[in-house]
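Quick notes on the structure that follows.
Residue numbering restarts at 1 for every chain, and letters A, B, ... go by the order of the sequence lines.
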There are 2 protein chains.
Amino acid sequence: MDTLPQPEGTRLALIEAGLRLFGQQGFAATSVRQIALAAGANIAAIAYHFGGKDGLRLACAEEFGRRMSSAMTTSPGRPASTAAEARAALQDILRAMLGFLLGDRGAGALVPFMLRELAENGPGVDLVYRSFAEPTHSRLCTLWALASGHDPASTDTRLIVFTLIGQIMYFRIGQPVVTRRMGWDTYGPDQIDQIARQISRNLDAMLGFDPEG
Amino acid sequence: MDTLPQPEGTRLALIEAGLRLFGQQGFAATSVRQIALAAGANIAAIAYHFGGKDGLRLACAEEFGRRMSSAMTTSPGRPASTAAEARAALQDILRAMLGFLLGDRGAGALVPFMLRELAENGPGVDLVYRSFAEPTHSRLCTLWALASGHDPASTDTRLIVFTLIGQIMYFRIGQPVVTRRMGWDTYGPDQIDQIARQISRNLDAMLGFDPEG
DNA sequence: CGGTAATTCAAACGTCCGTTTAATATTTCT
DNA sequence: AGAAATATTAAACGGACGTTTGAATTACCG
């Protein structure tokens with residue numbers, strides 16, 4: 001276990017192809033030949049650099065963690081100290097999460113890879129947890145506690161935050177169901193805005209905040 | 001396209017093994033040999049009865065739809081005509097959905113199969129939609145409209161109902177993340193109750209209903 | 001420059017995949 | 001009972017899989 005330097009060259013190309021293809025098709029349904037072809041590398045390069053297909057999967061999870069961690073730390077937002085500021089920060093974070101999960105820019109192959117790893121309960125779920133789920137949940141717990149006046153460490157607070165996250169995540173995971181029922185063909189900016197406004201209203205309601213008053 | 005009689009014997013055994021294994025491991029990661037072994041049938045039986053592995057997958061989706069439809073129609077509940085009744089009916093349905101998705105009884109292999117098919121966007125997603133997602137969403141829209149006084153067919157109503165569903169679904173899909181963060185090893189009756197109470201509180205808040213008053 | 005290590009490559013490895021075959025067993029019906 | 005349809009079986013098929021091999025190439029460094 002060394003310090004995980006940033007990969008480059010063939011290594012990086014293989015990891016990026018793996019992130020994309022594993023995310024699109026799943027681990028079992030993706031062949032090493034397909035990955036090598038997409039990366040412009042030889043088939044044997046996967047065994048050479050990562051020891052095998054499973055090793056590449058882990059390397060992809062590590063790269064996911066690396067990029068996600070840097071994405072998390074570069075968007076701290078201004079610190080909230082009052083309940084009103086905390087509520088505003090919650091709105092901002094939830095909106096950003098929705099854009100990250102549903103939008104087509106930025107996230108790229110990261111979100112599909114994460115959801116696959118989660119659904120397949122693969123070896124990358126640990127890194128998904130540590131680099132994305134836990135930090136996000138923690139920040140939201142702190143802000144919720146500040147905005148609502150409750151204990152940030154209580155069971156109820158942690159559950160409430162999961163209901164907030166779940167509302168957002170489902171619009172991505174259940175995308176084929178949602179778009180079909182809504183009569184949309186994809187999530188465009190307008191659709192994302194509509195969803196965001198609804199989630200924002202839900203948050204206000206859960207906080208007992210009346211935006212009209 | 002005949003009338004889809006209930007399968008029996010080898011056919012049924014293969015379908016049940018397929019529902020279970022496809023749900024546990026995913027379609028691509030499950031071999032026909034494994035299915036035949038689990039069903040106590042010969043390998044060639046899959047090709048004989050269903051034309052191939054893909055045919056078995058479709059047959060599993062049809063069986064899923066059959067069981068889900070019957071499960072949906074046998075729990076109509078008493079019809080709601082007032083806002084208070086509608087709110088109570090919403091609480092009941094959401095609680096039942098949570099138990100169905102998180103509990104270990106009844107659902108069996110159906111829920112994992114459904115979630116896999118959804119995650120892989122497989123050919124069964126259409127049947128999942130028609131036999132589960134659409135009927136459930138429709139009922140909830142009607143009840144929400146009655147409970148809140150809004151239009152059951154409006155975009156906002158349909159979105160709100162998806163946020164309700166998403167809160168519940170995420171506790172199943174994100175189970176490894178949730179249990180780890182909550183310090184639980186699984187979802188027991190106590191944990192499900194806690195989650196249900198929180199979702200119930202959220203619903204009340206979204207309806208502008210004050211349970212203390 | 002020469003030598004050593006690191007990397008890439010075409011080719012082949014053995015294994016498991018989904019499917020097919022052809023023979024046998026079972027059921028169905030006259 | 002006997003013919004016909006249906007179902008099950010063991011065995012083999014060609015192909016794709018992940019991996020390994022050993023030589024060729026490239027990069028690094030005294």
- Would you say T10(A) reaches dT7(C)'s phosphate, i.e. side-chain N/O to OP1/OP2 under 4.0 Å?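 No, outside the criterion.
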
- Rounded distance (nearest 0.5 Å) linking atom OG1 of T136(B) with atom CE of M68(B): 8.0 Å

- Message: Within this structure, what is the CZ-CD1 distance for the pair F171(A) and I165(B), rounded to the nearest 0.5 Å?
- Response: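 If we round to the nearest 0.5 Å, F171(A):CZ and I165(B):CD1 are 9.0 Å apart.
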
- Between K53(B) and F22(B), is NZ or CZ placed under 6.0 angstrom from the six-membered ring centre and within 45° of the ring axis? no

- Message: Distance to the ring centre below 6.0 angstrom and angle to the axis at most 45 degrees; does that hold for R181(B) and F162(A)?
- Response: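 Here R181(B) fails the 6.0 Å and 45° test against F162(A).
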
- Message: What is the first contacted nucleotide of DNA chain D and what is the last, in 5' to 3' order, if contact means an atom lying under 4.0 angstrom from a heavy atom of chain A?
- Response: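 The protein-touched segment is dC17(D) to dT21(D).
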
- Message: Protein within reach of the bases, or only the backbone? For nucleotides 12-22 of chain C, mark each nucleotide 5' to 3' as B, S or -, using heavy atoms under 4.0 Å.
- Response: B----BBBBB-

- Task: Using distance alone, with no hydrogens and no angle criterion, decide if Q198(A) and R201(A) have a side-chain donor and acceptor under 3.5 Å apart.
- Result: yes

Show me, pair by pair, the donor-acceptor contacts under 3.5 angstrom made by side chains of residues 140-148 of chain B, not counting sequence neighbours?
unit_1  : atom_1 : unit_2  : atom_2 : d
T142(B) : OG1    : S138(B) : O      : 3.1
W144(B) : NE1    : S148(B) : OG     : 3.3
S148(B) : OG     : W144(B) : O      : 2.8
S148(B) : OG     : H150(B) : N      : 3.4
S148(B) : OG     : H150(B) : ND1    : 3.0

- Heavy-atom closest contact (G23(A) atom, R116(A) atom, distance):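 That closest heavy-atom pairing would be O-NE, 3.1 Å.
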
- Message: For E62(A) and R11(A): C-alpha separation, side-chain torsions, deciding distance, then whether salt bridge (Lys or Arg N to Asp or Glu O under 4.0 Å) applies.
- Response: CA-CA 13 Å; E62(A) 282 163 4; R11(A) 275 187 78 96; over 6 Å; no

